[in-house]
**Q** 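To start, I am sharing the structure in question, which I have written as structure tokens.
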Amino acid sequence: MKPHECSSISPDMPTEGDNAYDPVALEARWQDRWDRDRTNAFTLDELRSARNPFFNLMMFPYPSAEGLHVGNIYAFTGADVYGRYKRMRGYDVFEPIGFDAFGIHSENFALKTGVHPTELIPGNVANFRRQLRRIGGMFDWDHTVDTTDPEYYKWTQWLFLQLYRHGLAEQKEAPVNWCPSCMTVLANEQVIVGACERCGTGVEQRFIRQWFFRITEYADKLLDNLRHIDWSDTTIKAQRNWIGRSEGAELHFPIAEGSGAGQERVTVFTTRPDTIFGATYVVLAPEHPLVDAVTSDACRQEVEAYRTRTGAMDLVARKKIEKHKTGVFTGGHCVNPANGERVPVWIADYVLMGYGTGAIMAVPGHDERDFDFAHAFGLPIVRVIAAPGEDASTRLEIAYEYPTGTLVNSGRYDGLDVDEAKAAIVADLEASGLAEAKVTYRLHDWCISRQRYWGPPIPIIHCDDCGAVPVPEEDLPVILPYVEDFRPDASGVSPLSRVRDWYEVACPSCGGGATRETDVSDTFLDSAWYFLRYPSTDFSDRAFDPEITRRWLPVDCYIGGNEHAVLHLLYSRFVVMALNDMGLLDFEEPYDRFRAHGLIIREGAKMSKSKGNVIVPDPVIERYGADTFRLYLMFLGPFVEGGDYQDKGISGPHGFLHRLWESVVTGEHGTADRDDAAADAMDQDVERKLHQTIEKVTEQVATLRYNTAIAAMMEYLNRARAGGRSPTHAEIEPLVRMVAPFAPHIAEELWRRLGRTGSIFDGANWPPFDPAKTAEQLARVAVQVNGRVRGTVSVPVGATETVVAAAAQAEANVARHLEGKEVRRVVHIPDRLLNFVVAEPAAVGGGH
RNA sequence: GCCGGGGUGGUGAAAUCGGUAUACACAGGGGACUUAAAAUCCCCCGGGAGCAAUCCCAUGCGGGUUCGAGUCCCGCCCCCGGCACCA
């Protein structure tokens, strides 16, 4: 470009005197320089005026005491490579990072070590900042977020109030895992086989009033939008399954006897109304409100015992562990609305109160769970669907669950196929008030209440006269008070309610005595909107600035782990949809593009603290440098699939960077070599390889196939140095540019030593390629005889079948295989392959 | 059990609109340069047979489609991740 504009190296940026590659010193120097020059930071004006904004987001980490995990580094590096690539394509890339520092882990850690989270978190954050800086991420340190900072959670609380105001937050009774010994609520992960992980006491279910967000209102939109957002397939599938829309019908089974007879009816949800003639019994969840009404006196004692037993079970065991079917007969019966038959009513814990209506019609002939249950308790099994070749009397060895077939044993519906029958049966029952077509979702409302200490207080005040009153926005934040010992005590009340002057407060509505909500909110709420905050951290009077938000959002690219495929991603989509409906955002989806990265393992095994096989990043960086570490992480497998970190493998990428350094610094052309025409007269083969490499790397980096992009760069450098030759300036400079996203420090240094000034990341410095120069003159065509390779021929690109065939037949080995055979057919794939399909010649009578 | 993703050399892995399987790298072996070491450069490296040319076998297993299958179809086995007995 302007080679002579400035060829001197600034005095505060000394070039290494001995020309040795010293990554540790070099990286520290460039990190200082990036800070000093504000290379990666935006001012408010720059955010306002960016011409080509690109919001490159990665999932912010939880700042643990152990320091940055390689899993984090892997994810951040992959995202950073992409951000740097986009920057080199001319985008204004905003790449912020923050800290998701509330939550159960800090609380547990505090209980174990006695260090209060308030004291613990700043040190952890400082250590994370140091490590994040050290790996060479392009982070804008002027726009970070810490969810535990009142300046941040003020707006988390504000968000709660907006949702509340629009009817999307409500209180409902819901079960929690309760440890009677610790007197505290446990998360599912704290329950180990039905017992409290800390004290081993059996866990109970308790029902308490909690705050929920009505995410189910958005179920259809959350599902429908999946059709047009650019996300990893696996993530879309996970969300689709999680939302779990199912179309079916609610059917009513009138109670036949007992106290409820005549007035009450059991309503079941089914996706298979066509199988109703096979419904030989009904099962209620043990908690179902009609259990009392159907239960006969003779059975009451046993029913009560069973209910107590399931009630004592924790939520995890109830949902996961139970394999063999248990249940008891209530003594009551319902009437099957299709055929008027009396069917027995059972209760069983495989029916969950939280899904559908909490009651099912059991069709053992066509549902495996019902089949198992019927077998265990000797209940009748009737076939009502027949596959081709079967009829009404074909024996059912296992439940026939296929979604197609013809109805049998179903009265006047016999002979209809499954889909016709569904519609006909629902329509007929609907006419007599015994059914309604219905859609249900697996998704439930989002419970955001946490009966804990380390989280943002939910901004609600409870008043005896006015009920739940939102804290006025001007009173935000509701500061989380410092509680020295936040452990639950014998009183059983929340730790926050023990802070009298915080807990007791005047009602904002009537001024009377009132108390604060003592639940704090779920950490998923903190992370459901953090990306909105990043570009607006310069504002303390609004959560996100409308103008800045219009310019920078939605997020252009989001990279993160698939462990958040469902909850975090779904919750943040919900929050954005709700804010959009409130008119506070003008888009419906937070992330235009999402890519899930893979997991890394070490030497074939999962890393864990207990196995002592975690990779500690600092020593690796000290030995090889961050550039090598980054390059190796991106090389060891496809980014979206993860890979196996083998300690010895790092020497490959390290050697590559060494050779690259050497090619620029101590090669024949050294730093003094400028754009000199003679020196740059490029070897034709090397030049072709260069353009092919740029083409390949450009395509692969853009699609996150980093491992093969790196392999292509290695191949190119090998070619350019083959036989001990020294690459010219023109041969090596484009490689420095391509390496830059992966190894930014060495790239900056080599860029400078190649005579450039300024940062390689300032400006659209990604190398272009010339398609005309990628073209090969000759093609190596494989020659097959009957599909087996018998030789290869070199022919001009685009050679016709005739030309290739002639060349092929001239090959001795090919000729040998064709000899005495009759060529029946020739398959020619230009520039790739020629296949002679041959056979023994038809006997013409000559013989011997 | 269900859902999702995978099984390719000694190892991490390439190659998927069906077209020369094993790119790149690690480990291993041999050589050049060097007083030596490091670094660098060159050569070999799936299995079997053969002096060689060459041939046969090989992408988890068994079938199938095709001129041709790691890739597509059917039926299995194993590993990893997630979860919700979802009616």
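Given the structure is predicted, the values throughout are model-derived calculations rather than measurements. Every chain is numbered from 1 and lettered A, B, ... according to where its sequence line falls, protein lines coming before strand lines.
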**Q** When the distance from CD1 of A/I650 to P of B/rG12 is rounded to whole Å, what number comes out?
**A**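 To the nearest whole Å, that distance equals 18 Å.
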**Q** Could you measure the distance from the NZ atom of A/K237 to the CG atom of A/L226? Nearest 0.5 Å is fine.
**A**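 Rounded to the nearest 0.5 Å, the NZ-CG separation comes to 12.5 Å.
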**Q** If we check side-chain contact (heavy atoms from CB on, under 4.5 Å) with A/E811, which of these qualifies: A/V793, A/V783, A/T792?
**A**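 Exactly one candidate clears the test, A/V793.
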**Q** Any non-hydrogen side-chain atom of A/L735 less than 4.5 Å from a side-chain atom of A/L690?
**A**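 Sidechains of A/L690 and A/L735: no contact.
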**Q** From the set B/rG81, B/rC67, B/rC55, return the single nucleotide nearest to any side-chain atom of A/L599.
**A**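 So the nucleotide nearest the side chain must be B/rG81.
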**Q** Does CZ belonging to A/R780 count more than 12 external heavy atoms closer than 6.0 Å?
**A**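 No, not enclosed.
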**Q** According to salt bridge (Lys or Arg N to Asp or Glu O under 4.0 Å), does anything in residues 638-660 of chain A pair up with another residue at least two apart or in another chain? List the pairs.
**A**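 Pairs touching residues 638-660 of chain A that pass the test: A/R602-A/D647.
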**Q** Work out how far the P atom of B/rC24 is from that of B/rC43, and round it to whole angstrom.
**A**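 Approximately 11 Å lies between the P atom of B/rC24 and that of B/rC43.
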**Q** Considering heavy-atom distances to RNA chain B, does A/T234 or A/F269 have its closest nucleotide positioned more toward the 5' end?
**A**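 That would be A/T234.
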**Q** Taking the side chain as every heavy atom from C-beta outward, state whether A/H288 and A/I347 have any pair of such atoms under 4.5 Å apart.
**A**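 Of all side-chain heavy-atom pairs linking A/I347 with A/H288, none is under 4.5 Å.
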**Q** Which letters describe nucleotides 16-25 of chain B, given B = protein heavy atom under 4.0 Å from base, S = only from sugar-phosphate, - = neither?
**A** ---BB--BBS
**Q** Syn or anti for B/rG75? Use the chi torsion, O4'-C1'-N9-C4 for purines and O4'-C1'-N1-C2 for pyrimidines, with syn inside 90° of 0.
**A**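 B/rG75: anti glycosidic orientation.
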**Q** Which is true for A/G604 with a 4.0 Å heavy-atom rule: it touches a base, it touches only sugar-phosphate, or it touches nothing?
**A**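 Since no nucleic acid heavy atom lies under 4.0 Å of A/G604, the category is nothing.
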**Q** Would you give the length of the straight line joining atom NE2 of A/H597 to atom CE of A/M59, rounded to the nearest 0.5 angstrom?
**A**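 Taking NE2 in A/H597 and CE in A/M59, the distance rounds to 8.0 Å.
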**Q** Side chain of A/W242 only, heavy atoms from C-beta on: which candidate in B/rC83, B/rA39, B/rC41 is closest?
**A**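 The nucleotide sitting nearest to the side chain is B/rC83.
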**Q** Nearest whole Å is fine: how far is B/rC67 P from A/H828 NE2?
**A**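 Distance check: A/H828 NE2 to B/rC67 P gives 19 Å.
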**Q** Can you identify which nucleotide, out of B/rA84, B/rC56, B/rU54, has its nearest atom closest to the A/N241 side chain?
**A**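 Nearest to the side-chain atoms of A/N241, counting from C-beta on, is B/rA84.
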**Q** When you look at CD of A/E603, are more than 12 heavy atoms from neighbouring residues, nucleotides or ligands closer to it than 6.0 Å?
**A**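 It does: A/E603 CD has more than 12 such atoms within range.
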**Q** Expressed in angstrom and rounded to an integer, what is the separation of A/W231 atom CH2 from B/rG4 atom P?
**A**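 In whole Å, B/rG4 P lies 18 Å from A/W231 CH2.
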**Q** Given the P atoms of B/rG10 and B/rG46, what is the spacing between them in whole Å?
**A**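 It comes out at 9 Å once rounded to the nearest Å.
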**Q** For B/rU11 versus B/rG4, give the span between their C1' atoms, rounded off to a whole number of Å.
**A**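 Looking at atom C1' only, B/rU11 and B/rG4 are 27 Å apart.
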**Q** Considering only distance and modelled atom types, tabulate donor-acceptor pairs under 3.5 Å from the side chains of residues 826-837 of chain A, sequence neighbours left out.
**A**
from, atom 1, to, atom 2, distance (Å)
A/D831, OD1, A/G798, N, 2.8
A/N835, OD1, A/N786, N, 3.4
A/N835, OD1, A/G787, N, 3.0

**Q** Show me the dot-bracket string of RNA chain B, counting Watson-Crick or G-U pairs under 3.5 Å, with | for pairs to another strand and [ ] for crossing ones.
**A** (((((((..(((......[....))).(((((.......))))).((((....))))..(((((..]....))))))))))))....
**Q** Kindly write out the residues that satisfy side chain to side chain donor-acceptor pair (under 3.5 Å) with A/Y624, not counting sequence neighbours, or none if the list is empty.
**A**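 Not a single residue meets the side chain to side chain donor-acceptor pair (under 3.5 Å) criterion with A/Y624.
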**Q** Tell me whether the OP1 or OP2 atom of B/rA87 has a side-chain N or O from A/S246 closer than 4.0 Å.
**A**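 Looking at the OP1 and OP2 atoms of B/rA87, one of them is under 4.0 Å from a side-chain N or O of A/S246.
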**Q** Looking across every strand, which nucleic acid part, if any, lies under 4.0 Å from A/A722 by heavy atom: base, sugar-phosphate, or nothing?
**A**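 If one applies the 4.0 Å heavy-atom cut-off, A/A722 turns out to touch the sugar-phosphate alone, with no base involved.
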**Q** Can you tell me how far C1' in B/rA23 sits from the matching atom in B/rU8, rounded to whole Å?
**A**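 The same atom, C1', in both gives a distance of 13 Å.
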**Q** Please find the pair of heavy atoms, one from A/I600 and one from A/L636, that lie closest to each other, and give the distance.
**A**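 A/I600 and A/L636 have their closest heavy atoms at CG2-CD1, 4.0 Å.
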**Q** For residues 270-281 of chain A, which residues have at least one heavy atom under 4.0 Å from RNA chain B?
**A**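 Here the set is A/T270, A/T271.
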**Q** Let me know the distance between OH of A/Y624 and C1' of B/rC26, rounded to the nearest Å.
**A**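 A/Y624 atom OH is separated from B/rC26 atom C1' by 12 Å.
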**Q** Expressed in whole Å, how much space separates the C1' atoms belonging to B/rC26 and B/rG9?
**A**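 B/rC26 and B/rG9 have their C1' atoms separated by 13 Å.
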**Q** Below 4.0 angstrom from OP1 or OP2 of B/rC86, is there any side-chain N or O of A/R369?
**A**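 Answer yes for this pair, as a side-chain N or O of A/R369 is under 4.0 Å from OP1 or OP2.
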**Q** Reading RNA chain B from 5' onward, which residue's closest nucleotide shows up sooner: A/N813 or A/Y355?
**A**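 Final value for this comparison: A/N813.
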**Q** In whole Å, I'd like the distance from the NE2 atom of A/H658 to the C1' atom of B/rC41.
**A**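 Answer to the nearest Å: 16 Å.
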**Q** What interatomic distance, in whole Å, is found between C1' of B/rU65 and the corresponding atom of B/rA13?
**A**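 One C1' to the other, the span is 30 Å.
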**Q** Between A/E699 and A/I694, is there a side-chain heavy-atom distance shorter than 4.5 Å?
**A**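 Counting from C-beta outward, A/I694 and A/E699 never come under 4.5 Å.
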**Q** For A/R790, report the nucleic acid contact type (base, sugar-phosphate, nothing); a contact means any heavy atom under 4.0 Å.
**A**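 Sugar-phosphate contact only - A/R790 comes under 4.0 Å of backbone atoms but never of a base.
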**Q** Expressed as a whole number of Å, how far does the C1' atom of B/rU34 sit from that of B/rC45?
**A**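 Going atom to atom, C1' in each nucleotide, I get 27 Å.
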**Q** Please determine whether a side-chain nitrogen or oxygen atom of A/R788 lies at a distance below 4.0 Å from atom OP1 or OP2 of B/rC55.
**A**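 It does not, given that no N or O in the side chain of A/R788 lies less than 4.0 Å from OP1 or OP2 of B/rC55.
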**Q** Rounded to whole Å, how long is the line connecting atom CD of A/Q700 with atom P of B/rA14?
**A**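 So the two atoms are 11 Å apart, to the nearest Å.
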**Q** Determine the Euclidean distance between corresponding C1' atoms of B/rG70 and B/rC61; express it in Å to zero decimal places.
**A**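 Nearest-Å result for B/rC61 against B/rG70 at atom C1': 15 Å.
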**Q** For A/I243, does its backbone N or O pair with a side-chain atom of A/R442 as donor and acceptor, under 3.5 Å?
**A**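 Absent.
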**Q** Looking for any heavy atom pair under 4.0 Å, which part of the strands does A/T357 touch: base, sugar-phosphate only, or nothing?
**A**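 Counting heavy atoms under 4.0 Å across all strands, no contact is made by A/T357.
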**Q** How long is the line joining CZ of A/R442 and P of B/rG82, in whole Å?
**A**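 Roughly 16 Å, once rounded to whole Å.
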**Q** Just to be sure I understand the rule, does A/H817 reach a base, reach only the sugar-phosphate, or reach nothing, if contact means heavy atoms closer than 4.0 Å?
**A**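 Counting heavy atoms under 4.0 Å across all strands, the contact made by A/H817 is with sugar-phosphate only.
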**Q** Only one of A/V70, A/T628, A/I615 clears side-chain contact (heavy atoms from CB on, under 4.5 Å) with A/V620; which?
**A**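 It is A/I615, the one option of A/V70, A/T628, A/I615 that forms the side-chain contact (heavy atoms from CB on, under 4.5 Å) with A/V620.
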**Q** For A/L660 and B/rU40, give me the distance from atom CG to atom P, rounded to whole Å.
**A**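 It works out to 13 Å between those atoms.
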